[in-house]
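One is the number of the first residue; the rest follow in order along the sequence. Every number for a ligand or one of its atoms is a count from 1 in the order of the listing. Note that the structure is a prediction, hence the values are computed from the model and not measured.
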Amino acid sequence: MTVLVTGGAGYIGSITTRLLVERGFGVVVLDSLELGHRAAVNDVPLVVGNIADSDLVTRVCREHKVSDVVHFAAYKAVGESMQNPTKYFDNNVAGTHSLIAAVVSAGVENVVFSSTAAIYGDPDIVPVTEDAEVRCESVYAATKRMTEQILEWYSATRNLRSVSLRYFNAAGAASDGTLGEDWRYSQNLVPHVMKALLGFAPALKVFGNDYSTPDGTGIRDYIHVEDLAESHVAALQYLRGGGDTMICNVGTGVGTSVMDIISTTERVTGRAVPYDIAPRRAGDPARYFANASKAERVLGWTSRRLLDDIIASAFAWHSAHPHGHAASQA
Ligand code: UDP
């Protein structure tokens with residue numbers, strides 16, 4: 001019984017892959033290495049290729065006796081998805097559908113899928129529950145919702161069960177400082193804070209301080225990437241135990257503003273974060289954070305790490321790897 005991890009050389013994928021191995025799962029990684037890095041996979045078997053290559057996926061399933069899939073491989077830049085929707089529909093939807101069709105034919109019964117809280121758009125009620133209205137405000141979010149639906153239809157028609165994990169804001173790095181996010185490929189807040197802090201960017205741009213939030217800046221639910229990784233293990237165990245197809249939020253339930261992130265970073269690192277107030281970023285909601293009670297109830301999962309852990313681990317990772325994993329091979 002082997003778990004196929006697509007995108008296992010990427011940020012969340014590599015940290016989850018390592019956790020799966022630590023927990024005794026057999027793992028094989030499929031990654032195109034377009035954005036992922038070989039060094040992030042270490043000595044786990046790595047197949048370099050595309051999720052849309054059905055022959056390759058079929059061969060990997062056969063050779064490695066794949067029983068489950070954890071599917072991370074996707075493009076994830078919201079802005080780019082609006083500039084180049086074809087790229088996103090092609091890879092995130094069509095590519096994912098090829099993958100699902102191939103693995104179902106190969107006898108795989110369980111899929112854990114990286115979905116996103118971006119599906120909720122600007123929710124009316126926070127904390128947001130899984131039955132909140134779907135309001136995709138980007139092509140990226142739409143590709144994730146479409147994949148959830150593809151998985152639901154395969155459950156209805158084939159022998160496939162899945163858990164779609166709707167991630168809130170993944171952040172931080174592996175606690176041993178060896179795996180993390182490459183800030184060159186990220187538009188997200190914490191890598192940008194670190195870039196400014198460490199002098200690799202002039203100043204952080206705070207996108208708007210006139211939202212209707214206590215300090216005027218956007219509020220999100222930042223979840224430590226190692227906690228997020230744990231949710232995949234829990235989802236896999238749930239499916240192996242016969243659990244039904246479902247959608248589940250993965251967040252902390254705590255809302256944190258951009259200014260909270262800046263002040264926590266300054267306290268944890270002892271350094272000042274240079275920042276400027278900039279206009280709002282198009283499409284950014286004022287605030288959302290998770291109601292994560294379903295994950296606790298159904299998967300037995302809760303987040304354990306704190307915002308301080310997110311900041312400390314990100315600081316350690318980015319200080320040592322300002323060029324991502326490229327530096328590991330230099
Ligand atoms: N943000 C910011 N400056 C940046 C990047 C992000 O002020 O350079 C803000 C953004 O407006 C939002 C929060 O940080 O309020 C989280 O943004 P991120 O892109 O990390 O995640 P999102 O929730 O948008 O997917």
What do we get for Y288 next to ligand 1 when only non-hydrogen atoms under 4.0 Å count, side chain, backbone, both or neither? side chain
How does V190 reach ligand 1, by side chain, by backbone, by both or by neither, if only non-hydrogen atoms under 4.0 Å count? neither
Does R280 count as lying over the ring of Y211, i.e. NZ or CZ under 6.0 Å from the six-ring centre, within 45 degrees of the axis? yes
For D284, which part has a heavy atom under 4.0 Å from ligand 1: side chain, backbone, both, or neither? side chain
Under a 4.0 Å heavy-atom limit, does I261 contact ligand 1 with its side chain, its backbone, both, or neither? neither
What protein heavy atom is closest to atom 19 (O) of ligand 1, reported as residue, atom name and distance in Å? R281 NH2, 2.7 Å
Indicate the ring-plane relationship of W317 and H321, choosing parallel, tilted or perpendicular according to the 30° and 60° boundaries. parallel
Which residue and non-hydrogen atom of the protein lie closest to atom 21 (O) of ligand 1, and at what distance in Å? N169 ND2, 3.0 Å
What residue and heavy atom of the protein are closest to atom 23 (O) of ligand 1, and at what distance? R220 NE, 2.6 Å
Starting from atom 18 (P) of ligand 1, which protein heavy atom do you reach first, and at what distance in Å? N188 ND2, 3.5 Å
Distance, nearest 0.5 Å, that separates CG of D31 from NE2 of H37: 11.0 Å
Just go through H192, K205, K76, R280 and tell me whose heavy atom is the nearest to atom 3 (N) of ligand 1. K205
Applying a heavy-atom cut-off of 4.0 Å, say which part of L189 lies close to ligand 1: side chain, backbone, both or neither. both
Return the option from Y222, F207, Y140 holding the heavy atom at the smallest distance from atom 4 (C) of ligand 1. F207
Given the side-chain rings of H318 and F200, with only the six-membered ring counted for Trp, is the space between their centroids under 6.0 Å? no
Check if Y211 has a non-hydrogen atom at a distance under 4.0 Å from any atom of ligand 1. no
Starting from atom 9 (C) of ligand 1, locate the nearest protein heavy atom and write down its residue, its atom name and how far away it is, to 0.1 Å. V258 CG2, 3.7 Å
With Y88, the side-chain hydrogen bond (donor to acceptor under 3.5 Å, both in side chains) member among E80, K144, K76: E80
